[in-house]
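See below for the structure under consideration.
For this chain, numbers begin at 1 and follow the sequence in order. Order of listing sets the numbers, starting from 1, for every ligand and every atom in it. We use all heavy atoms of the structure for the numbers below, so side chains are in, but hydrogens, waters and symmetry mates are not.
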Amino acid sequence: MFARQRWTGQKSNYKLNLLKKYNNLCFEPGNIVRLNSFYNNVFIIEIYFLSLQKINNYIMKQLKERILRDGKSLEGGILKVDNFINHQMDPILMREMAKELVRRFANHQVNKVMTIEASGIAPAIMVGDCLNVPVLFAKKKTPSTMDNMLVTEVFSFTKNKSYTVCVSGDYLGEGDRVLFIDDFLANGNAAKGIIDLVKQAGATLEGMGFLIEKGFQSGGEELRSRGIHVESLAIIDSLDNCAVTFR
Ligand code: 5GP
């Protein structure tokens, strides 16, 4: 939003219009790299970069403030955010977070967003909307009508039990370059389930983006050590004594 205000009135506005026309760009944060590589206009890029930094900080600040204001830290290292993410949802914050995730994965050629129902669907659909690509969610029930089913097991941290998730191989295949999006990263079990489904389908995993990572659990470290590009908008280092400490 800061970026757009600064773009208008620039002498090189005609160039921006050309960029928009030929690259279908809407000057969302994720477009910086493509702009740079196509046109190499240092002046424009610098301004845009500064603006992006402001947007980035603003969104991260908003999310952290919201967690502190409306989140509830429960026993057992669980953060309840059903005021704005998991039950009642704040679409404005959700959209801003999605844009920021898109920006962070701008170097990847993503043609499909994946998530697991239910709480991953809202952020995933916002990211899919920004990228203009389909969003596929792994289902927790195996429908009898599903063709070409791919199945895997996921252990749920919050429910303390394993469950089966599935997707149709009709919607996930060799040509797919997948960005996985979820609300939380804890021990990484949901993420590992998706890795398995992507592998079964012969698709490519481009990266994994989360709204909130609980840095005191092992998922982030494990996924990153496998060489996966992982991004989290807010990382929590501790929920000890029911108080939230950010990294
Ligand atoms: P993981 O599979 O990484 O162990 O856990 C991630 C999944 O469990 C997410 O899809 C999320 O729905 C749920 N989850 C894990 N920790 C929390 C938490 O502290 N709060 C909430 N609301 N969900 C969590």
Side-chain angles (χ1 to χ4, degrees), residues 63-91 93-94 97-98 101 113-128 135-141 150-167 178-200 205 207-247:
L63 173 58
K64 286 179 179 175
E65 280 174 5
R66 201 64 191 271
I67 290 171
L68 292 175
R69 196 184 79 194
D70 293 328
K72 290 193 181 76
S73 177
L74 308 180
E75 293 291 333
I78 293 182
L79 180 68
K80 195 173 171 197
V81 285
D82 63 357
N83 172 293
F84 61 105
I85 292 178
N86 286 145
H87 187 23
Q88 174 172 264
M89 289 177 273
D90 180 336
L93 178 62
M94 199 70 93
M97 293 190 291
L101 285 171
V113 172
M114 275 190 81
T115 190
I116 295 192
E117 69 175 340
S119 51
I121 293 178
I125 197 118
M126 290 283 187
V127 170
V135 178
L136 178 66
F137 68 90
K139 291 184 173 232
K140 286 183 177 166
K141 290 205 174 103
L150 308 173
V151 183
T152 196
E153 283 275 303
V154 170
F155 180 80
S156 167
F157 169 75
T158 44
K159 299 196 175 77
N160 198 23
K161 62 171 190 187
S162 289
Y163 58 95
T164 304
V165 294
C166 64
V167 292
V178 173
L179 175 61
F180 173 64
I181 298 291
D182 207 357
D183 57 344
F184 275 89
L185 172 59
N187 289 315
N189 293 311
K192 281 179 242 170
I194 292 294
I195 293 170
D196 186 34
L197 291 174
V198 166
K199 196 171 160 202
Q200 287 181 44
L205 181 69
M208 305 191 127
F210 303 89
L211 306 183
I212 303 169
E213 175 176 339
K214 294 191 292 181
F216 55 90
Q217 289 179 274
S218 62
E221 207 178 315
E222 203 179 318
L223 297 176
R224 289 183 183 97
S225 70
R226 288 194 194 188
I228 298 168
H229 182 178
V230 176
E231 292 284 349
S232 304
L233 300 184
I235 301 183
I236 293 173
D237 266 340
S238 159
L239 289 174
D240 289 350
N241 305 318
C242 295
V244 180
T245 309
F246 291 107
R247 186 162 293 178

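For a threshold of 3.5 Å applied to N or O pairs, the pair formed by N189 and ligand 1 contains at least one separation below that value. An N or O contact shorter than 3.5 Å is missing between F184 and ligand 1 by distance. Polar contact check, G188 against ligand 1: a nitrogen or oxygen pair lies under 3.5 Å apart. Checked by distance only, ligand 1 and V81 stay at 3.5 Å or farther apart across all their nitrogen or oxygen atoms. In terms of polar-atom proximity, N86 is counted as a contact of ligand 1, with an N or O under 3.5 Å from an N or O of the ligand. For ligand 1, none of its N or O atoms has an N or O atom of A191 under 3.5 Å away.
In this structure, A138 and V165 approach most closely via the heavy-atom pair CB-CB, 4.0 Å. Shown here for S162 and F155, the closest heavy-atom pair between the two residues is OG-CD1, 3.6 Å.
For ligand 1, the atoms closer than 4.0 angstrom to any heavy atom of N187 are 1 (P), 3 (O), 4 (O). Atoms of ligand 1 found under 4.0 Å from any heavy atom of A190 (numbered from 1 in listed order, with element): 2 (O). Every atom of ligand 1 is numbered from 1 in the order shown, and the set under 4.0 Å from a heavy atom of D182 is 9 (C), 10 (O).
Contacts between Q217 and ligand 1 below 4.0 angstrom, taking non-hydrogen atoms only, are absent altogether. Heavy atoms of D183 found under 4.0 angstrom from ligand 1 belong exclusively to the side chain. Contact annotation for I78 and ligand 1: heavy atoms of both the backbone and the side chain come within less than 4.0 Å of the ligand. In S119, the part holding a heavy atom less than 4.0 Å from any atom of ligand 1 is the side chain.
Residue, atom and distance of the protein heavy atom nearest to atom 17 (C) of ligand 1 are K214 NZ, 3.5 Å. Summary of contacts: the protein heavy atom closest to atom 5 (O) of ligand 1 is A186 CB, 3.6 Å. Shortest contact from atom 20 (N) of ligand 1 to any protein heavy atom: L79 O, 2.7 Å.
Between D240 atom CG and F216 atom CZ the span is 7.5 Å, to the nearest 0.5 Å. Expressed to the nearest 0.5 Å, how far CZ of F210 lies from CG of L223 amounts to 6.0 Å. Atoms CD1 and CZ, from I121 and F137 in turn, are 4.5 Å apart once rounded to the nearest 0.5 Å. The CG atom of L101 sits 4.0 Å away from the CG atom of L233 when rounded to the nearest 0.5 Å. Taking CE of M208 as the reference point, atom OG1 of T115 lies at 10.0 Å (rounded to 0.5 Å). Rounding to the nearest 0.5 angstrom, the gap separating the CE atom in M114 from the CG atom in D182 is 11.0 Å.
Between K192 and E222 a salt bridge is recorded (basic side-chain N to carboxylate O distance below 4.0 Å).
Contact of the K140 side chain with the I116 side chain is registered, since non-hydrogen atoms from C-beta on lie closer than 4.5 Å.
Of the candidates L239, I194, T158, T158 brings a heavy atom nearest to atom 13 (C) of ligand 1.
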Handout entry: Stepwise side chain to side chain contact (heavy atoms under 4.5 Å, CB included) check, D183 with V81
Key = CA-CA 10 Å; D183 57 344; V81 285; 5.9 Å; no

